[in-house]
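Just so you know, residue 1 is the first one in the sequence shown, and it goes up from there. For ligands, and for the atoms within them, numbers begin at 1 and follow the listed sequence.
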Amino acid sequence: MDRAVIFLGPPGAGKGTQAKELAKLYRVPHLSTGDMFREHVSLGTPLGEQVKPIMARGELVPDSLVLKMVRERIERPDCSHGFVFDGFPRTVAQAQYLSVLLRQNGYRPALVVHFALDPALVLKRITGRRMCKVGGEIYNIYERPPKVDGRCDNDGGELIQRPDDREEIVAPRLEAYEKLTEPLVSYYQRLGRLHDVDASKSIEEVRRRVLEIVRNSR
Ligand code: AMP
């Protein structure tokens, strides 16, 4: 792949599921800043202690903390053939910093895949989302239920709801998306980097469209 791919879109649009698959297919790292922060929280690191209350409120972590973590991560050797970002960048400042970082590290400008989803569907997607406690596999009780209620198809792990997927935390998360992340859509559009995906389609259809975009990109 030899490039950075960015998955942009509201929470619940299916970015995580698709980003993991694309990364696996191209054998490059899947870099979810949300997963990285959740790991820091569960390990109780100093960064984890700092971001825990922010995430619990459904707000964005300050750019300075995100950018330091991302820089350290993409400078690791396993990123040398590209990577897939999921949930980053989320502000125009993060996007500007990323373009400098990519240039400094010898990468081409990022390819941006935009998951467009009707706001009415976003709430259903988020509140229906369940995650395997063991392997992180994502389900949706409405659209993609597990074979056995509450258990992961892959490893039988318990399926849990992310604390910030509860209905009362969703509103501030969507507000943060609209105010801070949505401006990135026109930012990347102006740069001619944006490719749209209709995220209301099935996982299979979205997968096909994502692959088409990546294969046709230069
Ligand atoms: P996600 O799993 O991508 O929905 O992220 C979960 C939470 O982690 C977000 O609600 C933010 O609090 C935080 N977070 C993840 N990525 C970023 C980012 N790029 N900038 C700021 N906060 C982030």
Side-chain angles (χ1 to χ4, degrees), residues 4-20 22-23 29-43 45-74 83-102 110 112-115 117 119 121-133 135-140 159-185 187-188 199:
V5 179
I6 293 171
F7 279 13
L8 181 64
K15 303 186 299 293
T17 303
Q18 299 291 342
K20 268 186 214 158
L22 184 71
H30 162 232
L31 307 182
S32 154
T33 42
D35 284 353
M36 291 181 205
F37 285 132
R38 276 185 288 278
E39 195 174 346
H40 277 282
V41 170
S42 73
L43 294 174
T45 67
L47 177 60
E49 293 300 314
Q50 236 177 322
V51 302
K52 191 176 175 180
I54 302 173
M55 292 174 77
R57 290 195 299 270
E59 293 168 9
L60 289 191
V61 171
D63 285 346
S64 56
L65 298 179
V66 183
L67 296 174
K68 181 170 182 286
M69 182 177 76
V70 165
R71 179 168 49 79
E72 286 170 0
R73 181 66 188 88
I74 72 168
F83 39 89
V84 182
F85 270 130
D86 159 15
F88 176 87
R90 254 182 161 99
T91 63
V92 172
Q94 289 181 15
Q96 287 167 336
Y97 180 85
L98 176 65
S99 70
V100 175
L101 204 58
L102 291 178
V112 186
V113 182
H114 172 224
F115 284 59
L117 189 63
L121 261 181
V122 170
L123 192 66
K124 193 174 165 197
R125 283 273 181 95
I126 303 178
T127 53
R129 176 159 59 187
R130 298 291 183 273
M131 193 173 77
C132 172
K133 217 172 161 180
E137 183 76 10
I138 309 287
Y139 295 86
N140 187 292
L159 299 186
I160 53 162
Q161 184 174 41
R162 271 171 50 175
D164 60 348
D165 276 352
R166 282 175 294 122
E167 202 156 350
E168 61 272 28
I169 313 294
V170 173
R173 286 174 69 204
L174 293 180
E175 206 179 291
Y177 179 77
E178 278 164 27
K179 203 167 124 204
L180 300 165
T181 310
E182 215 161 50
L184 281 180
V185 174
Y187 171 85
Y188 281 122

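- Residue Asp63 is tested with Lys68, Gln94, Arg90 for a side-chain hydrogen bond (donor to acceptor under 3.5 Å, both in side chains); the sole match is Gln94.
- Within the model, atoms CZ of Arg130 and CZ of Arg162 stand 12.0 Å from one another, a figure rounded to the nearest 0.5 Å.
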Identify all pairs of nitrogen or oxygen atoms, one from ligand 1 and one from the protein, separated by less than 3.5 Å, and list them with distances.
residue: ligand 1; atom: 2 (O); partner: Arg38; partner atom: NH1; Å: 3.0
residue: ligand 1; atom: 2 (O); partner: Arg38; partner atom: NH2; Å: 2.9
residue: ligand 1; atom: 2 (O); partner: Arg162; partner atom: NH1; Å: 3.2
residue: ligand 1; atom: 2 (O); partner: Arg162; partner atom: NH2; Å: 3.2
residue: ligand 1; atom: 3 (O); partner: Arg90; partner atom: NH1; Å: 3.0
residue: ligand 1; atom: 3 (O); partner: Arg90; partner atom: NH2; Å: 3.2
residue: ligand 1; atom: 4 (O); partner: Arg90; partner atom: NH2; Å: 3.2
residue: ligand 1; atom: 4 (O); partner: Arg162; partner atom: NH2; Å: 3.1
residue: ligand 1; atom: 4 (O); partner: Arg173; partner atom: NH2; Å: 3.3
residue: ligand 1; atom: 5 (O); partner: Arg90; partner atom: NH2; Å: 3.4
residue: ligand 1; atom: 12 (O); partner: Glu59; partner atom: O; Å: 2.6
residue: ligand 1; atom: 16 (N); partner: Thr33; partner atom: OG1; Å: 2.7
residue: ligand 1; atom: 16 (N); partner: Gly87; partner atom: O; Å: 3.4
residue: ligand 1; atom: 16 (N); partner: Arg90; partner atom: NH1; Å: 3.1
residue: ligand 1; atom: 19 (N); partner: Gly87; partner atom: O; Å: 3.0
residue: ligand 1; atom: 19 (N); partner: Gln94; partner atom: OE1; Å: 3.1
residue: ligand 1; atom: 20 (N); partner: Gln94; partner atom: NE2; Å: 2.9
residue: ligand 1; atom: 22 (N); partner: Val61; partner atom: N; Å: 3.0

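- Applying side chain to side chain contact (heavy atoms under 4.5 Å, CB included) to Tyr97 and the options Leu67, Val92, Val70 leaves one that passes, Leu67.
- Taken to the nearest 0.5 Å, the CE atom of Met131 stands 4.5 Å off from the CD1 atom of Ile160.
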Derivation and outcome, salt bridge (charged side-chain N to carboxylate O under 4.0 Å, His left out), residues Arg57 and Asp164: CA-CA 8 Å; Arg57 290 195 299 270; Asp164 60 348; over 6 Å; no

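- Aromatic rings from Phe85 and Phe7 are positioned such that their centres are separated by 6.0 Å or more.
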